Asker: 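I have a structure here, written as structure tokens, and I will follow up with some questions on it.
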Amino acid sequence: MFTGLSAFPVTPLSDAGVDSGGLSRIVERLVGAGVESIGALGSTGSYPYLSTAERAQAARAAVSAAGDVPVIIGVGALTLSDVIRNVDAAQAAGASGLLLSVMTYQPLTDEEVVAFVEDVAARSSVPICVYDNPGTTHVTFTDLMHERIAAHPQVRSIKLPGAPVPAFTDRLGALRKAVPDDVTLGVSGDAFAGDALLGGADVWYSVIGGTLPEPAMALTRAAQRGDRAEVDAIAAQLAPLWELFGRYGSYRVVAHLAVLLGLTDTVAVRRPVRPLAAAAVAELRALLPGLTATVAVDRRTHAP
């Protein structure tokens, strides 16, 4: 579950709330692509903007549609009580694992962060991936904090923020020495995935994997073979998309990409986040031929 490609889909939204049927179709598509796991309710899946009830609904839909493919459910929230409610709902839905981001409004001490993770881990009966994502959550994990957290038997993976080589591989090497051998180390930040996987990361927690699983799978397999040329070729195909991520945010861009590919009927973002402006959508639309040249696109009857 915490190796290879973990694909993070958008959560389709409608005026009535979560579109369970739409999420099920997206998850089934990922299953067909052969991903190792599915990360529902990650940042791409709008987790901070959904109610506890909506998150439980999405968890049920994702797990039901995934069959034998493990589903990792995001449970992060501002308060421990809300996280515990999300943990209980995810486990009741049949989640294979949990993705825990520690988010905050008030600054947290290292001790508060470690205790928070330990409290959640004590509640969980399934393995946990701890999400180190300081740019979004405003919580920075030190290597010592990861060492302490990874000592808990329920913590089985760490999702690290992407960074250029050698900064990422240096940190990877330091953490390998600090955490148990059976705790996997993964990368987020799609633009850094190829170098990270070639440099020894166990898993790519992927934004595009949830929307364009075929090239994400191809990049992952090439990296696992140690095929630098193939990794670079696929990364070059995807680089224009990642450049848009940098300018507009992957959350907005992928939500629009899902519409353009016929995966969702509406742009899956919630206010205060606004959809992309028309000019940015035009940029994204112009990239589609290059992005889909070697992948199978799910075409539905409506026009995006």
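This one's a predicted model, so the numbers in the text were calculated from it and none came from an experiment.
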Asker: If we ignore hydrogens and angles and just use 3.5 Å, is the side chain of Thr184 paired with the main-chain N or O of Phe2 as donor and acceptor?
Answerer: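 Yes, the answer is positive, given that a donor and an acceptor are paired below the 3.5 Å cut-off.
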Asker: Could you tell me if Gln57 and Ser20 have a donor-acceptor pair between their side chains, going purely by distance under 3.5 Å?
Answerer: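 Yes, a side-chain donor-acceptor pair sits under 3.5 Å.
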Asker: Could you tell me whether Asp143 and Lys177 make a salt bridge, using a distance below 4.0 angstrom between a side-chain N and a carboxylate O?
Answerer: no
Asker: Any chance you could measure Tyr251, atom OH, to Leu276, atom CG, to the nearest 0.5 Å?
Answerer: 11.5 Å
Asker: Can Gln91 and Ser124 be counted as having a side-chain donor-acceptor contact under 3.5 angstrom?
Answerer: yes
Asker: Report yes or no: does Glu36 contribute a side-chain atom to a donor-acceptor pair with the main-chain N or O of Leu5 at less than 3.5 Å?
Answerer: yes
Asker: Rounded to the nearest 0.5 Å, how far apart are CG of Leu261 and CG of Leu212?
Answerer: 5.5 Å
Asker: Taking NZ, NE, NH1 and NH2 as the nitrogens, is one of them in Arg176 or Asp202 under 4.0 Å from a carboxylate oxygen of the other?
Answerer: yes
Asker: Parallel, tilted or perpendicular: which describes the rings of Tyr205 and Phe8, with under 30° parallel and over 60° perpendicular?
Answerer: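 Rings of Tyr205 and Phe8: perpendicular, as their planes differ by over 60°.
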Asker: Between the side chains of Glu283 and Tyr248, does any donor sit under 3.5 Å from an acceptor?
Answerer: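 Side-chain D/A pair, Glu283 to Tyr248: present.
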Asker: Does either side chain, that of Tyr47 or that of Ser101, offer a donor lying less than 3.5 Å from an acceptor on the other one?
Answerer: yes
Asker: Rounded to the nearest 0.5 Å, what separation is found between the CG atom of Leu263 and the CZ atom of Arg29?
Answerer: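 It comes to 4.5 Å.
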Asker: From Leu41 CG over to Asn86 CG, what is the distance, rounded to the nearest 0.5 angstrom?
Answerer: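 One finds 8.5 Å between CG of Leu41 and CG of Asn86.
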Asker: So does Gly74 get a backbone contact from the side chain of Arg55, meaning a donor-acceptor N/O pair under 3.5 Å?
Answerer: yes
Asker: Counting only N and O atoms by type, is there a donor-acceptor contact under 3.5 Å from the side chain of Asp190 to the main-chain atoms of Ser206?
Answerer: no
Asker: In terms of hydrophobic clustering (I, L, V, M, F, W, Y; side-chain heavy atoms under 4.5 Å; direct or indirect links), are Met1 and Val120 co-clustered?
Answerer: no
Asker: With distance as the sole test, does Thr169 use its side chain to make a donor-acceptor pair with the main-chain N or O of Val165 at under 3.5 Å?
Answerer: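 Not at all, since once roles are kept as given, no pair shorter than 3.5 Å links the two residues.
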Asker: Using modelled atom types only, decide if a donor and an acceptor are shared between the side chain of Asp19 and the backbone of Ser14 within a distance under 3.5 Å.
Answerer: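 Side chain of Asp19 to backbone of Ser14: no pair is present.
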